[in-house]
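Please read the structure below before turning to the comments.
Throughout, a chain's letter reflects where its sequence line sits, starting with A, and its residues are numbered from 1.
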Number of protein chains: 2
Amino acid sequence: MPADVRLCAIDWGTSSARAYLLDRHGDVVAQRQAPLGIQHIRNGDFERALSVLCSDAPAGVPRLACGMIGSRQGWIEAPYRTCPADIDALASSLARVDAASLAIVPGLCCDDEHGAPDVMRGEETQIVGVLDDEANERRVLVLPGTHSKWALCEGDRIEAFVTFMSGEIFAVLREHSILGRMIVPGEDATAFERGVRTSLRDHAALTHDLFTARTLALTAKLDGAGVADYLSGLIIGAEFAAAARWLVPRGSITTLIIVGEAPLAARYRAAAALAGFSASIGPETAAARGLWRIARRAGMLAP
Amino acid sequence: MPADVRLCAIDWGTSSARAYLLDRHGDVVAQRQAPLGIQHIRNGDFERALSVLCSDAPAGVPRLACGMIGSRQGWIEAPYRTCPADIDALASSLARVDAASLAIVPGLCCDDEHGAPDVMRGEETQIVGVLDDEANERRVLVLPGTHSKWALCEGDRIEAFVTFMSGEIFAVLREHSILGRMIVPGEDATAFERGVRTSLRDHAALTHDLFTARTLALTAKLDGAGVADYLSGLIIGAEFAAAARWLVPRGSITTLIIVGEAPLAARYRAAAALAGFSASIGPETAAARGLWRIARRAGMLAP
């Protein structure tokens with residue numbers, strides 16, 4: 001059992017959960033991943049899942065979670081806070097499951113430019129894990145994934161954000177559309193770049209361009225082993241084109257911090273370069289760091 | 001058995017096939033639909049399927065088919081003709097299955113604005129069934145479906161066309177994405193209109209806007225029974241926005257002829273009105289009429 005543990009921090013999503021034990025410095029001293037996402041919890045027995053996730057934590061260590069565990073389908077609902085929202089807004093709005101000594105970070109909501117709501121749950125904590133108190137400049141964080149998020153931040157505050165369903169659209173097209181049938185397993189960075197560039201063109205039209213994955217392959221102008229990467233490039237390119245437009249009234253910031261697992265973050269960094277952004281890749285343990293910062297701000301940590 | 005039959009015309013697609021018997025005036029005197037699309041043909045036994053489709057036709061009546069039967073996965077490949085292409089180009093390029101006394105109309109191909117190929121197979125015949133020799137004005141035909149086609153035509157010539165994967169994208173999102181789980185069965189014309197208008201906005205971003213089907217429903221700003229129509233509206237609206245841009249260098253024609261089955265044609269006409277087009281709905285038997293015209297031009301019809 002690791003000594004000197006001050007927090008059990010849990011990034012608890014839909015399909016899986018990852019628990020971190022952090023020491024007095026906020027450093028991760030142990031972690032554990034398990035397929036205990038909320039969709040896999042039977043009969044609402046979150047307590048048992050929590051005891052598995054925290055089994056290495058000393059008794060009495062505070063527990064803080066973020067992600068879908070705080071959604072309506074989770075353990076207890078942690079209502080969305082509205083943007084702009086800073087770390088204090090999150091730390092002062094934790095939902096509590098008293099019987100399990102668990103606190104849960106709320107998600108964030110934000111109206112889009114047409115008045116439709118946008119939401120995030122879990123990403124706000126990753127973002128807080130990348131931000132810090134001292135930096136006052138505005139920054140744009142990109143969190144690629146099933147539902148990619150672009151967040152405009154200033155200091156410790158998340159000003160606004162926008163979601164793109166890039167990961168999910170890629171997955172359903174790959175697995176269930178006629179385009180998926182053109183795919184031969186393989187990787188092809190050139191095909192990815194070609195897809196990104198196609199979607200970055202003026203007047204690109206994604207629902208047309210996607211069809212060219214089929215026609216280019218049928219006419220041997222695209223290798224079967226490049227179809228998946230070309231499709232990925234089209235969809236991610238459309239995300240960058242739209243996000244760049246979203247940033248125009250927000251100062252057209254061109255420096256990004258990409259937060260996500262290494263292969264996807266690298267893919268987004270390549271797209272960023274093609275779209276005229278410079279991008280750095282943030283830490284993979286952003287969620288653990290964010291939970292630590294929120295726990296500290298909420299007074300949950302022993303001195 | 002109908003008397004005076006001059007042509008057995010077959011619209012032979014991927015999932016189903018429809019055979020028409022036409023009399024000396026080109027009028028449909030009988031028709032038969034069967035689940036004999038090329039994906040359902042076992043062991044390449046197209047001959048048996050043809051005999052079922054033409055079982056009501058008198059012996060010796062010529063047979064002309066269009067659609068995926070002429071693709072690489074069909075009976076015999078009828079290579080694509082390149083646009084611009086008129087009825088003579090189609091009639092002079094029929095592929096022949098001599099043993100079965102069957103002729104097959106070729107598909108069309110056309111490079112898009114970025115040099116990627118676009119293709120159609122079957123729609124060219126429907127288009128020819130709507131066009132006529134006398135009209136010389138330019139017309140835009142819209143053929144909604146799994147892969148919607150917009151075709152710019154002049155007289156009997158198809159100048160150019162563009163494909164949008166609207167129907168397939170709607171289907172895979174409805175059946176396989178998180179958005180599908182928000183759907184409660186129902187119809188809601190207002191939700192459809194709301195989706196179309198959202199996608200017609202300047203700088204609309206489909207992969208973001210699709211996510212609002214979820215967030216609007218989660219926040220009770222969209223009824224579950226309206227989610228499917230809202231999604232449909234978003235996707236069809238994106239098609240109209242892109243097609244309108246495609247038409248700009250082609251004279252920005254604002255009069256459309258929509259060719260398709262009644263419910264879908266009506267949905268497209270509603271979207272057309274919102275997008276500033278005026279639209280009429282073409283005949284549902286356009287394929288039969290097109291096959292008749294091509295057969296006549298190819299000299300296949302007895303005098």
Interface moiety of B:Leu210 toward chain A, non-hydrogen atoms closer than 4.5 Å: both
Within the structure provided, determine whether B:Ile169 and A:Val172 are in side-chain contact (heavy-atom separation under 4.5 Å). no
Comparing B:Pro117, B:Ala204, B:Ala116 against chain A, the one with the most heavy-atom pairs below 4.5 Å turns out to be B:Pro117
Chain B contacts, top residue of A:Leu173, A:Leu179, A:Ile235 (heavy-atom pairs, under 4.5 Å): A:Leu179
Pairs table: donor-acceptor atoms between chain B and chain A closer than 3.5 Å:
unit_1, atom_1, unit_2, atom_2, d
B:Arg72, NH2, A:Leu218, O, 3.4
B:Asp112, OD2, A:His208, NE2, 2.8
B:His114, ND1, A:Arg201, NE, 3.4
B:Pro117, O, A:Thr215, OG1, 2.6
B:Thr163, O, A:His208, ND1, 2.8
B:Met165, N, A:Thr207, O, 2.9
B:Glu168, OE2, A:Ile178, N, 2.6
B:His176, ND1, A:His176, NE2, 3.4
B:His176, NE2, A:His176, ND1, 3.4
B:Ile178, N, A:Glu168, OE2, 2.6
B:Arg201, NE, A:His114, ND1, 3.4
B:Thr207, O, A:Met165, N, 2.9
B:His208, ND1, A:Thr163, O, 2.8
B:His208, NE2, A:Asp112, OD2, 2.8
B:Thr215, OG1, A:Pro117, O, 2.6
B:Leu218, O, A:Arg72, NH2, 3.4

Measure distances from A:Leu206 to the heavy atoms of chain B and classify the residue's part below 4.5 Å as side chain, backbone, both or neither. side chain
Considering only heavy atoms, which portion of A:Ala171 lies under 4.5 Å from any heavy atom of chain B: side chain, backbone, both, or neither? neither
What part of B:Ile178 is in contact with chain A, defined as an atom under 4.5 angstrom from a non-hydrogen atom: side chain, backbone, both or neither? both
